[in-house]
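Heads up: numbering here begins at 1 and tracks the sequence. For the numbers below, each heavy atom of this structure counts, side chains included, while hydrogens, waters and symmetry mates do not.
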Amino acid sequence: MKLMITKQAKNKLSMLNDQNQPYLRLFYDTDDCGCGVNGLPTIRFANHKEELDKEVDCASFDVIVNRQQAIFFAASLTLSYETTGFRLSSPEGILNPIISEQSVQEVVEA
């Protein structure tokens with residue numbers, strides 16, 4: 001899996017990472033979605049790697065994803081930043097059109 005982060009997104013992530021968290025986590029958020037297969041691909045900062053995490057190829061940040069959640073993400077991803085927030089997309093289409101700055105900073109247990 002590979003993640004390309006645009007210059008604007010990289011700059012915004014650097015500004016938001018005021019806790020100096022070492023990882024950016026690709027995260028499949030299923031809270032309030034009904035069941036484990038209904039969810040929304042998103043991103044979060046993370047303090048550490050979990051046992052089931054694997055690394056994602058990315059030149060800008062150390063990016064991780066839970067092996068079990070990796071199936072919800074495309075092999076090639078792009079993270080961009082628009083005026084409304086972050087956007088996660090792949091060559092096949094948009095996975096999440098608006099990821100708020102606040103949600104990126106939320107603490108999530110993997």
Side-chain angles (χ1 to χ4, degrees):
M1 183 180 301
K2 184 172 185 166
L3 175 66
M4 195 280 290
I5 301 176
T6 66
K7 182 178 179 180
Q8 294 86 350
K10 180 181 174 183
N11 290 341
K12 184 54 86 168
L13 286 170
S14 294
M15 288 176 22
L16 293 174
N17 193 9
D18 56 0
Q19 299 293 318
N20 293 319
Q21 296 181 48
Y23 299 103
L24 184 66
R25 174 180 296 282
L26 293 175
F27 180 71
Y28 191 69
D29 189 359
T30 59
D31 284 349
D32 300 323
C33 291
C35 72
V37 295
N38 293 329
L40 194 59
T42 191
I43 58 171
R44 300 282 192 271
F45 287 120
N47 286 323
H48 61 279
K49 289 170 67 173
E50 299 288 335
E51 183 178 331
L52 291 177
D53 286 340
K54 69 177 190 175
E55 294 181 11
V56 175
D57 185 16
C58 181
S60 304
F61 283 89
D62 289 330
V63 181
I64 54 177
V65 64
N66 180 291
R67 291 180 198 281
Q68 296 172 333
Q69 291 189 350
I71 63 168
F72 298 110
F73 295 90
S76 178
L77 301 163
T78 299
L79 182 66
S80 58
Y81 185 80
E82 312 294 328
T83 56
T84 56
F86 294 95
R87 175 175 289 166
L88 188 60
S89 60
S90 75
E92 293 81 27
I94 296 173
L95 283 83
N96 191 337
I98 301 174
I99 303 170
S100 73
E101 295 176 15
Q102 180 183 1
S103 71
V104 174
Q105 295 174 306
E106 288 178 11
V107 176
V108 174
E109 295 298 321

Looking at Pro97 and Arg87, what are the two nearest heavy atoms and their distance?
O-NE, 3.5 Å
Taking all non-hydrogen atoms of both residues, which atom of Lys10 and which atom of Ile5 are closest, and how far apart?
N-CG2, 3.5 Å
Go through the side-chain N and O atoms of Glu92 and Ser90 and say whether any donor and acceptor fall under 3.5 Å apart.
yes
Met15-Val63 co-clustered via ILVMFWY side chain contacts under 4.5 Å
no
Under a 3.5 Å distance rule, please check whether Gln69 uses its side chain to pair with a backbone N or O of Tyr28 as donor and acceptor.
yes
Working to the nearest 0.5 Å, report the span between OG1 of Thr84 and CD1 of Ile98.
4.0 Å
Answer whether the closest heavy-atom distance between the side chains of Glu50 and Arg25 falls below 4.5 Å.
yes
Membership question, hydrophobic clusters at under 4.5 Å side-chain separation (ILVMFWY): are Phe27 and Ile64 in the same one?
no
Side chains of Lys12 and Val104: closer than 4.5 Å at any heavy-atom pair?
no
Should Lys49 and Asp62 count as an ion pair when the cut-off is N to O under 4.0 Å?
no
Validation row: Thr6, Leu79 side chains within 4.5 angstrom (heavy atoms)
no
Step through the shown structure and confirm whether more than 12 heavy atoms of other residues, nucleotides or ligands are within 6.0 Å of CD on Glu55.
no
Would a 4.5 Å heavy-atom cut-off, applied to side chains only, mark Phe73 and Met1 as touching?
yes
Taking atom CG of Leu13 and atom CD1 of Ile43, what is their separation to the nearest 0.5 Å?
5.0 Å
Would you check if the side chain of Asn96 reaches a backbone N or O of Pro41 as a donor-acceptor pair within less than 3.5 Å?
yes
How far does CG of Asn66 sit from CG of Leu26, to the nearest 0.5 angstrom?
11.0 Å
What one should report as the nearest heavy-atom pair of Ser80 and Ala9 is C-CB, 3.8 Å
Mind listing the closest non-hydrogen atom pair of Ala74 and Leu95 along with its distance?
N-CD2, 4.3 Å
Report the distance from atom CG of Leu52 to atom CD of Gln68, rounding to the nearest 0.5 Å.
5.0 Å
Closest heavy-atom pair, Pro22 versus Asn47, reported as atoms and distance to 0.1 Å, is CG-O, 3.4 Å
To the nearest 0.5 Å, atom OH of Tyr81 lies from atom CG of Leu16 at 7.5 Å
Exercise: identify the closest heavy-atom pair between Gln21 and Ala46:
OE1-N, 3.3 Å
CG-OG1 distance between Leu88 and Thr78, expressed to the nearest 0.5 angstrom:
8.5 Å
Backbone of Ile99 reached by a side-chain donor or acceptor of Ser103 within 3.5 Å:
no
Under 3.5 Å, side chain of Asn11 to main-chain N/O of Gln8, donor-acceptor pair present?
no
